[in-house]
Amino acid sequence: MTQTNSAPRIDDPAWYVEQDPYPILADLRRNDPVCYLPHLDTFLITRYADIRHIGRTPEIYSSAQGMLLNDVKYGNVANSFFPEGAELVTTTDPPRHRELRRVIAPTFAGPAIDRLETVIRDKSRALIATIEPGVEFDFVEKIAVRLPVQVICALLGVDDSSVADISRWSDDMTRMGDDLTREELADIVASLGPFNDFLMAQIAAKRGNRGVDLLSTLLQAEIDNEKLTDLNVFMLTSATLVAGNETTRHLLGQAVYVLAQHPDERARLVADPGLSGTAVDETLRFVSPVAGFLRTAVSDTELSGTTIKAGQHVYMLYMSGNHDETVFSDPERYDVGRVQQPSHVAFGFGEHVCPGASLARLEVKVFLEELIARFPSWDITGPAIPIMSVLMNGYTHLPVIFHSDQSPR
Ligand code: HEM
């Protein structure tokens, strides 16, 4: 075999940033696509087809024991901290999972999404209006941290005065995927009390409301002819916050970063803004804002010739599937016009595929349309600081200068 014989340290944040992981992953896809990692009793899954197979086979590959690498280290992190009877959509298997998905689905389709497009355009324009041409600033702090949480507040149906609080709670919840001790994880859960109080107050205010926002939708929803409990509403709302905020933040930052690294592709997009939809999907494929998620086999099975025993874990590395050369021609090339047929797996695949995908796509597409209309070019002006995470792929600081047509270069 090859250099991949030394098990890739996918549970070490440094592994993702201190070297280029993509040649290692290409090697794994060729030579060891179901690669056993003894220190985690986990198989690393790197091929696109295997990732999709796992995603659509929840009866073998369960989410109930957790979907984070921390769940392997500490037992199911989220479930072990939340109150008795709490259900996280991310760690529920069918048939119950489908019922939970059914109640959140209307928030991400039809009139609810149409309403959000207007919000996204207005918020994007307001944020872009704060950019001074020719003046350096941190894109993450000034824009990427703000837009997703403003949109999530609109999605939830809470007003903008809660943006700062929601942002903090959501960041805390997302840190559960980080490389933390069990005590640090317990502290995060303890800090969520005020979020619970906030949501309970919103729920009381919205009861009887017929709106299409997430909280009103959940309050109107029924499972088996029963209204959802307040705990159901809390858990589904928390899941949406965790899943939708930091992910979209990193996609925004990555779009600005990757377009700056590929000025010819950016010029193509500026010349033809109709490409912004494919540019967003190409950015998702190219960077995979969520590196991967975990499943646990509930019965003995086989994948690409390797035996997996009940109780062992598989880690679907989306960032590898998205560069699988048997699916995407010239996968290391960033091409804003790439038509992906089949689609990348940046939003996962199958049973738990991201329900917020249409919202995330819309948000970044509208933002890019507004951005390039005002600023056709920009430069990264200092070190882009990557997030140290085994879960997220993005930047915590992104110094940038935007140029309008008239601004001095
Ligand atoms: C760039 C942005 C985003 C990325 C890359 C992303 C990625 C993902 C992925 C990979 C999954 C699959 C989880 C699994 O298979 O276990 C997922 C699930 C989920 N996402 Fe997203 N997501 C994004 C944005 C959003 C947004 C904007 C929302 C909502 C506001 C959202 C809500 C959810 C929820 C609730 C789940 C859990 C679904 C389930 O377990 O059935 N996501 N996301």
Side-chain angles (χ1 to χ4, degrees), residues 45 51-52 54-58 61-69 71 78 87-94 96-105 107-109 112-113 116 119-120 144 147-157 166 170 173-174 177 213-215 217-218 235-255 280-281 283-296 314-319 321-322 343-365 367 391-394:
I45 311 302
I51 290 171
R52 298 221 315 181
I54 292 168
R56 66 168 168 257
T57 319
Y61 298 104
S62 163
S63 297
Q65 283 93 57
M67 29 94 81
L68 303 173
L69 284 172
D71 297 320
E87 293 174 304
L88 254 186
V89 63
T90 45
T91 55
T92 306
D93 286 330
R96 179 66 178 168
H97 177 250
R98 300 211 174 135
E99 298 182 309
L100 296 175
R101 283 289 291 240
R102 188 174 47 75
V103 297
I104 55 173
T107 323
F108 297 103
I113 278 283
L116 289 175
V119 173
I120 293 168
L147 183 61
V149 75
Q150 290 174 357
V151 173
I152 284 190
C153 280
L155 175 87
L156 289 181
I166 298 240
S170 149
M173 288 188 256
T174 310
D213 60 78
L214 179 65
L215 281 173
T217 303
L218 294 177
M235 294 303 289
L236 287 168
T237 311
S238 309
T240 308
L241 260 186
V242 176
N245 184 17
E246 200 173 334
T247 45
T248 315
R249 174 192 310 171
H250 292 312
L251 179 57
L252 283 166
Q254 287 278 17
V280 170
D281 272 299
T283 309
L284 281 155
R285 183 194 72 79
F286 198 68
V287 304
S288 306
V290 173
F293 276 133
L294 185 88
R295 298 289 187 265
T296 305
V314 291
Y315 193 67
M316 301 174 284
L317 200 60
Y318 304 130
M319 62 187 279
N322 284 338
S343 169
H344 58 75
V345 284
F347 290 119
F349 186 75
E351 181 69 29
H352 288 265
V353 68
C354 178
S358 53
L359 175 60
R361 284 187 165 110
L362 180 70
E363 186 168 330
V364 181
K365 173 175 169 291
F367 177 79
L391 179 60
M392 296 284 170
N393 184 10

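Numbering of ligands and ligand atoms starts at 1, following listing order.
A heavy-atom separation below 4.0 Å is not found between His250 and ligand 1.
Under a 4.0 Å criterion applied to the non-hydrogen atoms of Arg295, ligand 1 contributes the atoms 14 (C), 15 (O), 16 (O). Of all the atoms in ligand 1, the ones that sit under 4.0 Å from a non-hydrogen atom of Leu251 are 1 (C). Proximity to Phe108 (heavy-atom distance under 4.0 Å) selects the following atoms of ligand 1: 29 (C), 30 (C).
The single protein non-hydrogen atom nearest to atom 28 (C) of ligand 1 is Gly244 CA, 3.4 Å, given as residue, atom name and distance. Atom 18 (C) of ligand 1 has its closest protein heavy atom at Cys354 CA, 3.6 Å. Residue, atom and distance of the protein heavy atom nearest to atom 41 (O) of ligand 1 are His97 NE2, 2.6 Å.
Summarising the contacts of atom 37 (C) of ligand 1 with Leu88, Leu284, Thr90, the nearest heavy atom is found in Thr90. Which of Arg249, Gln254, His352, Glu246 comes nearest to atom 39 (C) of ligand 1 through a heavy atom is settled by distance: it is His352.
In terms of polar-atom proximity, defined here as any N/O pair under 3.5 Å, Arg101 does make such a contact with ligand 1. Not one N or O of Glu351 is nearer than 3.5 Å to an N or O of ligand 1, by distance alone. Considering backbone and side-chain N/O atoms, Ser63 never comes within less than 3.5 Å of an N/O atom of ligand 1. Every N/O-N/O distance between Thr248 and ligand 1 stays at or above 3.5 Å.
At least one donor-acceptor pair under 3.5 Å links the side chain of Tyr315 to the backbone N or O of Gly292.
Residue Ala243 touches ligand 1 through backbone and side chain together, judged by heavy-atom distances below 4.0 Å.
A salt bridge links Glu99 to Arg96: at least one charged side-chain nitrogen sits closer than 4.0 Å to a carboxylate oxygen.
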